[in-house]
Amino acid sequence: MSLSFDFVQPQPEAAADRVTLFADVILPLPLPRLYTYRVPFELNDQVVVGGRVIVQFGAKKTLSCIVAAVHETPPTLYQAKYILEFIDDAPVVTQPQLKLFRWMADYYLCTLGEVINAALPSALKLSSESRVQLHPAFEPDNHPYPLGDQEQKVVDALSTGEEGKSMTFTEVGELLGIASFHKYIKSLMQKDVVFLFEHLKDKFAPKVVKKVRLAHHYVSEAAIEQLFGQLASRAKQLDVVMRYLQRVPVYQSEHANHRGMDKAALTSAPHLSPSAVNTLIKNGILEQFDQIVSRFPLDEDDAQANMHFTLSDTQVEARDAVMREFQTKDIVLLHGVTGAGKTEIYIDLIKQALDGGGQVLYLLPEIALTAQIVTRLMRVFGSRLGVYHSKFSDNERVEVWNGVLSGRFQVVVGVRSAVFLPFDNLALTIVDEEHESSYKQYDPAPRYNAREVALMMAHFQGSKTLLGSATPAVETYYQARAGRYGLVSLTKRFGEAGLPEIVLVDTRKSREQKTMLNHFTPELMAEMESKLAQQEQVILFQNRRGYAPFINCLDCGWIPKCTNCAVSLSYHKQAHELRCHYCGHHDRMPAQCPACGSRNVKTVGFGTEKIEDDLKVMLPQANVQRMDLDTTRAKNSYQQIISDFEQQKTNVLVGTQMVTKGLDFANVSLVGIINADSIIHYPDFRAHERAFQMFVQVSGRAGRKGKKGKVIIQTGDPEQVIFDKVIRNDYLEFYEYEITQRREHGYPPFMRIIRLTVKHVDVTVGERAARLLTQELVDRLGREAVLGPEAPYIFRIRNFYLQEITIKLSREHTVLKAAKADLMAALDVIRDQKEFKQVRLAADVDPM
DNA sequence: AGCACGCCGACT
DNA sequence: GTCGGCGTGCTC
């Protein structure tokens, strides 16, 4: 701003106050910096921080990106290109979000572009390759909104050719012959004429329900009167019409008739004839139409009926304690045993937060976000509830995103990535099962933990956060003990169900005595038989999928290995394949040893598939179902397995971790952990914690609603200290033991860990890069802060050789910040060496 | 992440 | 002689 003097008259033609604006944008690419584009002067008033703009990036790419800042400082080193177009007139990313994204990039050592990439549903990230397609529900001659000329051109182009034809943005631009065509696409989207998708594979497959309504010329009392006369001799048809009028208040509002009712409710109702319904449709009395429905249908009547439920005394007490803690603390840990009824407490707190006018985010791990819980929440919160699930299509995610922006959804229940939703007025954040490792994203950066991100987001927005778990993460409990988090314990199980009896069975002894029946001890076998005889159900937990972790030729010792990874191939019997669990590589199962031709090839070890297989032979009367990654890959198979078990169509459920989470089955009286040792003896400082959590969680599946359950843990080493704590379900004792270990060995929560992985196709280059990086780190951070480099147990994945360096840092903020700067500098040293140009470096902050 | 520019092998 | 391999460097 320059000084101005009174006597200097403004020159009218010079437009002295003409400001040139520049926008710093976040490109959805892993680039370290923001890029500055120039705002076309006539569009100055359209720039919104948090809105999307279209820019040309590089020679031929056009991209949408997020405006992070607007200013008047022209770049000095280059000529800024112009922004091509503005997509939004209001932010799609809110201010608190931008702040959060910056924090994430900083904390997790990644770029803002990577954060944006993980955060935005891909339909919000437009590029010249984005595609449009006519909406399946669009009817050209029965469309409520008029279309402009340009819009009509697009619709015409999309309707000629085969069904479901799509065009890229580039093609739309060519068709219209103008550069600024996005506004037409946007308008067409708002009118539900077209929808967007990014790749050919994510085409929209909406769920359509057939509905019927009364033809519009019957919607008046007189007309209906006349209709009754007309149908007087056709009793079946009359019944249908009567039922329709009963269910749909046609007289009260024409709108109600327009919405109609489910056809299935008429055709499948008792005493009503489906053919009568069809005759009515044929005669033009009823009309049939399709409606696209959400995955979680809400029955309005249900919503009213279930609004109110009462908390038990224990629950009221716990809720009040949480609220008391919230008066002085922003974060509260609700430590409640499985089955203590935490969900009801959450619902109660959500209601209060909503009454106060704030938004609520309720995070759940993926396996716990079931239709059961969603329907339950739907009943209470109805259309104010948004659901964000990873199995949803991109269009559905955008709908939730926009719903949060517009205020339509005040509560969102969702998985890890729901922390990215554009809240601006969060009052309450709930992270249920906060210890769950699935909150942590591993592979593409940002390698974030949604629990930590949620805490930071809540902090930025002044929201309270409730962390819930039966087996809190050691780090979390430590914070609560230290008084930084409030702590509320809920120890009584709901409905008086006692804790299950937990029994250890020594597999080593059984093996010596040769009493093992395949992988079952006689004790587990006998108990299963007895429970099944009493018509009760059994869950078996085996933390390894497939049939066997490897196969072995008994004559020459040949073991098939993955060609891309340093692992043996697992045998999958059903698929008759050898598979790599790390890269997806698979071969046909050979009929004989390819090395020596012997047919003496045996499977070694066992996974869920073998357990299932053995049981089918050993317990022929039982119905055995397996639930693991392999059997739940298809869209609804998880739900199918659960409901079959719920309805007791299956008696034994064998599965991996999937069976440990949040499933409430009233009739399960026995849980078996087939091999506890593989879980405990894992080369990682969190092995005991994970084992404790797993055992307690899976034990929680046994015995509910008054029945006392039994848990049998098979182990070759029953003396392990951890079992003692599991048996007595003594979290506190486990915690005390574990925290001492952590303090002694300098692990979290006392130190912060950053794991660097160096990857290269050539072992020696990778090793050299890792050694140099270690040296650079030692020079900057000191010898004691750096461990490694070391090849991990699985030292090659997807043809990349791995080296790991572990950095241990003090948790002090200033130290951490300086250390990260040092770390980045050390990484740059590697990147600058020609020899290491092909080295891939990944930083994982707080690895799990 | 793309994509263009650029320098060395098997083909018309 | 050219077409094309993918190494590396840049994108406001």
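Labels below follow one simple rule: chain letters A, B, ... track the order of the sequence lines, proteins then strands, and each chain is numbered from 1.
For the pair A:Pro30 and A:Ala59, both in contact range of DNA chain B, the more 5′-proximal nearest nucleotide belongs to A:Pro30.
Aromatic pair A:Tyr82/A:Tyr37: centroids not less than 6.0 angstrom apart. Between A:His572 and A:His581, a ring centre-to-centre spacing shorter than 6.0 Å is recorded.
When the C1' atom of C:dC12 is taken as reference, atom NZ of A:Lys61 falls 13 Å away, rounded to whole Å. In this entry the distance linking CG of A:Leu77 with C1' of C:dC12 reads 10 Å, nearest Å. One interatomic measurement links the two molecules: CG of A:Leu27 to C1' of C:dC10, which rounds to 13 Å at whole-angstrom precision. Between the CZ atom of A:Arg831 and the C1' atom of C:dT8 there is a distance of 15 Å, rounded to whole Å. As rounded to whole Å, 17 Å separates atom C1' of C:dT11 from atom CD1 of A:Ile26. Rounding to whole angstrom units, CD1 of residue A:Ile116 and P of B:dA1 are separated by 17 Å. Between the CG atom of A:Asp832 and the C1' atom of C:dC10 there is a distance of 15 Å, given to the nearest Å. Spacing between atom CG of A:Leu63 and atom P of B:dC3 amounts to 10 Å, rounded to whole angstrom units.
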Please table the atom pairs, donor to acceptor, closer than 3.5 Å between any side-chain atom in residues 816-828 of chain A and protein atoms at least two apart or in another chain.
residue	atom	partner	partner atom	Å
A:Lys820	NZ	A:Tyr107	O	2.7
A:Asp828	OD1	A:Arg831	NE	3.4

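Counting any heavy atom pair closer than 4.0 Å across all strands shown, A:Arg38 reaches no nucleic acid atom. Here A:Leu31 lies in heavy-atom contact (under 4.0 Å) with a base.
Between the A:Gln461 side chain and the A:Phe423 main chain, a donor and an acceptor come within less than 3.5 Å of each other.
At a threshold of 4.0 Å, the pair A:Asp844-A:Lys440 counts as salt-bridged, since one of the basic side-chain nitrogens sits closer than that to a carboxylate oxygen.
A:Lys837 has no side-chain polar atom (N or O) that falls below the 4.0 Å cut-off from OP1 or OP2 of C:dT8. Under 4.0 angstrom from either OP1 or OP2 of C:dT8 there lies at least one side-chain N or O belonging to A:Gln838.
For the pair A:Phe57 and C:dT11, the ring geometry qualifies as stacking, because the centroid separation is below 5.5 Å while the planes lie within an angle under 30°.
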